[in-house]
Amino acid sequence: MSLERPLVMGIVNVTPDSFSDGNEHFRADEAVAHARLLVEEGADLLDIGGESTRPGAQAVPADEELRRILPVIEALRDCGVPLSVDTCKPDVMRAALAAGADMINDIGGFSAPGAIEAVADSGCALCLMHMRGEPRTMQDAPVYQDVVAEVRDYLDRGAQRLRQAGIAAARIVLDPGFGFGKTAAHNYTLLQQLPQAVGQEYPSLLGLSRKSMIGAVTGRPASRRLGGSVAAALAGAVRGAHILRVHDVADTVDALRVWSAVEQGVRA
Ligand code: 7PJ
């Protein structure tokens, strides 16, 4: 994909938290319908997730995660945009790739035993994200000496591990992991210094949408963080972010179009 303008990645959750009806088919159908709407709204790619990774969330077994996401991947294979799958589990990675996924988005940074082997030979794109600790406990008073340098170091080492496994540089995307073992102050420092945090060698992916760092500044609950999320996405774009992972695709696309018109003019 061209990375000349920031791409918008639409979030497709297939978790009971977001689709509270317990019926599996209903849940998959809802997710697919929502995903198709996001594509109509201008999503350049979709990120399908079957495990909630919010702070304090409990782990989901691989077979349950696959029951949730496989029907959704299969239904969306022909939707016109590449499909990313948000998972840390090597078994889920393999099955998702076999079902047609184009990208694996691992908040664990491909650190699980077997994760790199699961993706190495497929040719898929890989998003390697920084996290401190694990989702259940990561927000228990995270401490850094220098958050930008420590995130950069983690991402550099992670990318090195992928390269040493024979993975081409062109497949790799790096993400500073907003909200994953970081205070609001850490998150805003990372966003302000994005080029230093992610470096210049690989494209970057940012997940800022509706996160607590937006609530920390606006005082608003997750359901009312649209304006703050769009502002954060734009701040990322201004600093050179390549992929913006968002819930609100239409509004983010509008903001990026207006920003682009200001910077580059409107074509006649
Ligand atoms: C992220 C993610 C993120 C990447 C989630 C949420 C939590 N994957 N998955 N980056 N966040 N790469 O969306 O609030 O920031 S789940």
Side-chain angles (χ1 to χ4, degrees), residues 6-18 31 34 38 43-60 65 68-69 82-89 92-93 96 101-111 115 119 124-136 138-139 151 154-155 158-159 162 171-182 184 186-188 190-191 194 197-198 202-216 220-223 225-226 228-229 232-233 235-236 241-249 252:
L7 302 178
V8 175
M9 170 186 255
I11 299 172
V12 181
N13 283 318
V14 201
T15 54
D17 316 11
S18 40
H34 182 65
L38 297 182
D44 298 294
L45 64 170
L46 296 172
D47 190 38
I48 300 164
E51 176 175 42
S52 176
T53 44
R54 283 205 303 254
Q58 295 296 320
V60 175
E65 203 177 321
R68 293 177 185 178
I69 64 169
L83 304 179
S84 163
V85 170
D86 191 341
T87 188
C88 309
K89 298 190 188 77
V92 175
M93 293 175 189
D102 303 286
M103 177 172 191
I104 299 294
N105 170 27
D106 184 355
I107 63 163
F110 299 93
S111 61
V119 298
C124 69
L126 304 170
C127 178
L128 186 148
M129 195 195 80
H130 173 271
M131 171 163 51
R132 168 72 56 91
E134 50 164 306
R136 204 170 43 77
M138 66 188 175
Q139 290 306 100
V151 166
Y154 176 99
L155 295 176
L162 297 179
R171 294 174 56 191
I172 300 172
V173 177
L174 302 180
D175 182 342
F178 294 99
F180 287 88
K182 295 157 187 106
H186 294 139
N187 289 318
Y188 282 97
L190 287 167
L191 182 51
L194 183 68
V198 299
Y202 303 99
S204 56
L205 187 157
L206 313 189
L208 297 153
S209 186
R210 300 184 188 172
K211 285 195 173 165
S212 64
M213 64 185 283
I214 308 296
R220 301 206 185 272
S223 61
R225 293 179 186 163
L226 171 60
S229 298
H242 297 87
I243 304 175
L244 301 163
R245 180 183 178 278
V246 306
H247 299 89
D248 302 289
V249 168
T252 307

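Remember, it's 1-based here, ligands and their atoms both numbered in the order they're listed. Just so you know, these numbers use all the heavy atoms, side chains as well, and skip hydrogens, waters and symmetry mates.
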Donor-acceptor contact below 3.5 Å, side chain N105 vs main chain V85: no
Residue shell around ligand 1, heavy atom under 4.0 angstrom: T53, D86, N105, I107, C127, M129, D175, F180, L205, G207, K211, R245
K89/E51 ion pair, N-O < 4.0 Å: yes
Any donor-acceptor pair under 3.5 Å from R225 side chain to R210 backbone: yes
S204 versus V173, closest heavy-atom pair with distance: C-CG1, 3.8 Å
Results of side chain to side chain donor-acceptor pair (under 3.5 Å) for R245 - residues two or more places apart only: D47, D86
Check: G50 main-chain N/O paired with R68 side-chain donor or acceptor under 3.5 Å: yes
